[in-house]
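Following: one structure in structure tokens, then a few remarks.
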Amino acid sequence: VKTSANSEEVLELHPLVRSFIRKSYRPEEQAPIIEEVISFFTRMMGRFRGRPEMATIAVLGNWIAKIEICVENERISEALTTLHEIHSTLLSQGFVEEFLRLAILVITKYTPPDNPAEVKKFDTTTQRLVEVLGALGRYDEADAWIGRLAKTVIGKSARYIWLCDVRAYAFWIRERFEDAKAAAAEGVQLKTLSHIDTEYDCGHTLALAQRDSGELPPALTYFLAGETLEVVLALRQADAKRGGPFYGNIGRCLQLIGRFDDALICLRKSACLLESSEASNTLLNRGWAAHWLGEILRTKGAFDKAYLAFRSAFAKWKVVSPERASRAQVDSESLVEKLTDNALATCGDWECEEMYRNWLRI
């Protein structure tokens with residue numbers, strides 16, 4: 001029994017218990033004991049599922065323990081299902097290394113079955129794995145995993161469209177935009193010409209690469225998703241159903257076009273929505289929104305606010321994307337001599353974050 005500051009008492013399977021079971025019981029005798037242990041953690045998961053405490057690592061330990069026990073006992077499908085359930089929570093809370101450890105532990109032993117529902121879990125989890133490695137700058141590892149995933153795809157199927165998107169994002173995150181466009185365009189063309197009925201789609205990644213390579217009109221059209229720019233800008237309150245990335249991507253296009261005031265409207269809406277999001281890429285996207293806001297505010301001469309935005313981007317990115325965090329840190333340091341409030345330079349990350357979020361709410 002362990003105590004936790006953020007929840008009720010929690011339980012952890014002690015390594016000595018595992019060792020005792022292995023040494024004292026033959027494999028066939030271990031099965032009912034293992035079943036009881038797994039059932040216990042399943043019941044604990046039921047107690048906390050959907051509650052705020054689930055976001056703490058102490059409570060997530062129930063899921064993590066179940067994943068580890070399932071892998072050790074060749075119950076790989078059950079391990080994947082359990083990991084799929086918590087992968088967004090792990091990543092949105094910044095437990096990036098723990099996600100990587102578990103994903104590699106599970107996926108290394110997993111062979112995709114013919115069951116479409118289970119394949120979807122495999123594809124979602126492995127795509128997050130490649131994306132996280134790319135954001136961390138671990139490109140060789142990401143490429144190695146893409147190579148392994150390609151071997152699970154047969155022909156120009158729906159899953160080939162998924163593979164095109166995985167490849168395109170891997171190129172985009174390392175700023176190889178032409179390669180990203182080529183990979184994504186292949187997937188878009190295949191889906192269009194073959195009329196394959198699938199949720200897999202490369203359109204979003206293609207638009208990201210188009211935007212960041214200077215092809216702004218088609219990218220903006222895609223990100224607007226049928227809405228008019230006038231309506232997006234006119235609405236005082238952001239449409240929560242649209243989500244933070246909707247406003248963020250439109251805002252970034254407007255920023256690159258040079259429409260800074262309009263971009264500021266969209267990016268503030270995006271940042272506000274992202275602050276309450278629990279999506280797997282939330283921290284990365286919060287960092288983008290903060291950094292882009294910092295760039296616009298710097299251009300407009302609002303150096304104090306720009307400094308806070310850059311510091312916020314640094315704080316958000318330092319766990320999920322160290323290279324981008326370094327850029328944000330350089331940007332913030334370049335503004336120190338231009339600050340009106342010199343005390344800002346002595347503030348900690350959490351203080352800058354708080355002031356940044358307060359500004360967003362105004």
Side-chain angles (χ1 to χ4, degrees), residues 5-6 52-53 55-56 88-89 91-96 232-252 254-255 259-322 324-362:
N6 300 312
E53 301 96 305
T56 65
S88 287
T89 304
L91 293 173
S92 67
Q93 296 302 313
F95 304 129
V96 175
V232 172
L233 294 172
L235 291 175
R236 182 174 178 82
Q237 295 295 326
D239 183 354
K241 294 180 180 178
R242 290 287 195 179
F246 172 77
Y247 293 99
N249 287 317
I250 294 172
R252 179 59 169 172
L254 294 174
Q255 178 189 356
R259 294 175 59 175
F260 298 122
D261 290 336
D262 291 338
L264 198 61
I265 293 172
C266 288
L267 288 172
R268 285 184 70 166
K269 291 179 179 179
S270 173
C272 286
L273 291 176
L274 288 169
E275 287 298 323
S276 60
S277 172
E278 295 182 0
S280 60
N281 59 352
T282 288
L283 286 177
L284 193 63
N285 283 340
R286 286 176 185 170
W288 287 123
H291 196 260
W292 296 337
L293 281 168
E295 291 176 337
I296 295 172
L297 291 165
R298 180 177 59 192
T299 299
K300 295 173 68 67
F303 299 124
D304 287 17
K305 293 185 179 68
Y307 177 83
L308 292 174
F310 286 137
R311 285 287 302 274
S312 180
F314 166 77
K316 292 167 170 39
W317 273 340
K318 62 184 177 182
V319 174
V320 296
S321 187
R324 288 171 180 79
S326 296
R327 297 182 196 176
Q329 184 175 28
V330 169
D331 285 330
S332 66
E333 290 174 349
S334 69
L335 294 179
V336 171
E337 294 183 358
K338 299 180 180 180
L339 294 176
T340 302
D341 183 359
N342 294 325
L344 292 178
T346 65
C347 290
D349 288 344
W350 70 270
E351 293 174 289
C352 291
E353 279 272 67
E354 186 65 22
M355 286 185 279
Y356 166 75
R357 283 194 292 266
N358 288 338
W359 171 74
L360 288 177
R361 299 187 190 105
I362 298 174

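Computed from a predicted model, the values in this text were never measured in an experiment. In what follows, every heavy atom counts, from backbone to side chain, and hydrogens, waters and symmetry copies are set aside.
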Item checked: Ion pair check, K269 and D239, cut-off under 4.0 Å -> no
Note to self: Would E351 and E354 count as a side-chain contact (heavy atoms from CB on, under 4.5 Å) here? Give the steps.
What the structure shows: CA-CA 5 Å; E351 293 174 289; E354 186 65 22; 5.7 Å; no
Margin query: Restricting to non-hydrogen atoms, name the atom on A290 and the atom on A309 that form the minimum distance, rounded to 0.1 Å.
Written below: O-CB, 3.3 Å
Notebook entry, point to check: Does the side chain of E275 come within less than 4.5 Å of Y356's, by heavy atoms?
Noted result: yes
Check: Backbone N or O of E295 within a donor-acceptor pair of the T299 side chain at under 3.5 Å?
Finding: yes
Check: Mind checking what makes ring-ring contact (aromatic ring centres under 6.0 Å, His included) contact with W292, not counting sequence neighbours?
Finding: W288
Notebook entry, point to check: D331 and S334: which non-hydrogen atoms are nearest, and at how many Å?
Noted result: O-OG, 2.6 Å
Next item on the list: Report the distance from atom NZ of K241 to atom CG of L273, rounding to the nearest 0.5 Å.
Entry: 13.5 Å
Notebook entry, point to check: Any donor and acceptor pair, going by atom type alone, linking the side chain of R286 with main-chain N or O of S277 inside 3.5 Å?
Noted result: yes
Next item on the list: Kindly check if the number of other-residue, nucleotide or ligand heavy atoms within 6.0 Å of CD (E278) is above 12?
Entry: no
Notebook entry, point to check: Is the backbone of D304 close enough, under 3.5 Å, to the side chain of D341 for a donor and an acceptor to pair up by distance?
Noted result: no
Item checked: From L264, L233, I265, V232, residue fulfilling side-chain contact (heavy atoms from CB on, under 4.5 Å) relative to L254 -> L233
Checklist line | Candidate pair R268 and W359, rule side-chain contact (heavy atoms from CB on, under 4.5 Å), full reasoning | finding: CA-CA 9 Å; R268 285 184 70 166; W359 171 74; 3.7 Å; yes
Checklist line | N249 side chain to R252 side chain, donor-acceptor N/O pair below 3.5 angstrom | finding: no
Next item on the list: Go through the structure and list residues passing side chain to side chain donor-acceptor pair (under 3.5 Å) with Q93, not counting sequence neighbours.
Entry: none
Next item on the list: Supply the atom-to-atom distance Q329 CD to R324 CZ, rounded to the nearest 0.5 angstrom.
Entry: 16.0 Å
Check: Any idea which heavy atoms bring L283 and K316 closest together, and the distance?
Finding: O-CB, 4.0 Å
Check: Side chain of W317, backbone of L284: donor and acceptor closer than 3.5 Å?
Finding: yes
Next item on the list: Write down the atom of F310, the atom of S332, and the distance for their closest heavy-atom approach.
Entry: CB-CB, 3.7 Å
Next item on the list: For K318, check salt bridge (charged side-chain N to carboxylate O under 4.0 Å, His left out) against everything at least two apart and list the hits.
Entry: D349
Margin query: Show the nearest heavy-atom pair for residues S270 and G244, with the distance to one decimal.
Written below: OG-O, 2.7 Å
Note to self: With a 4.5 Å cut-off on side-chain heavy atoms, are V336 and Y307 touching?
What the structure shows: yes
Next item on the list: Indicate the atoms forming the closest heavy-atom contact of P245 with L274, along with that distance.
Entry: CD-CD2, 3.9 Å
Item checked: Trace of the side-chain contact (heavy atoms from CB on, under 4.5 Å) decision for L360 with L293 -> CA-CA 10 Å; L360 288 177; L293 281 168; 4.0 Å; yes
Note to self: Rounded at 0.5 Å granularity, tell me how far CD in E337 sits from CG in N342.
What the structure shows: 10.0 Å
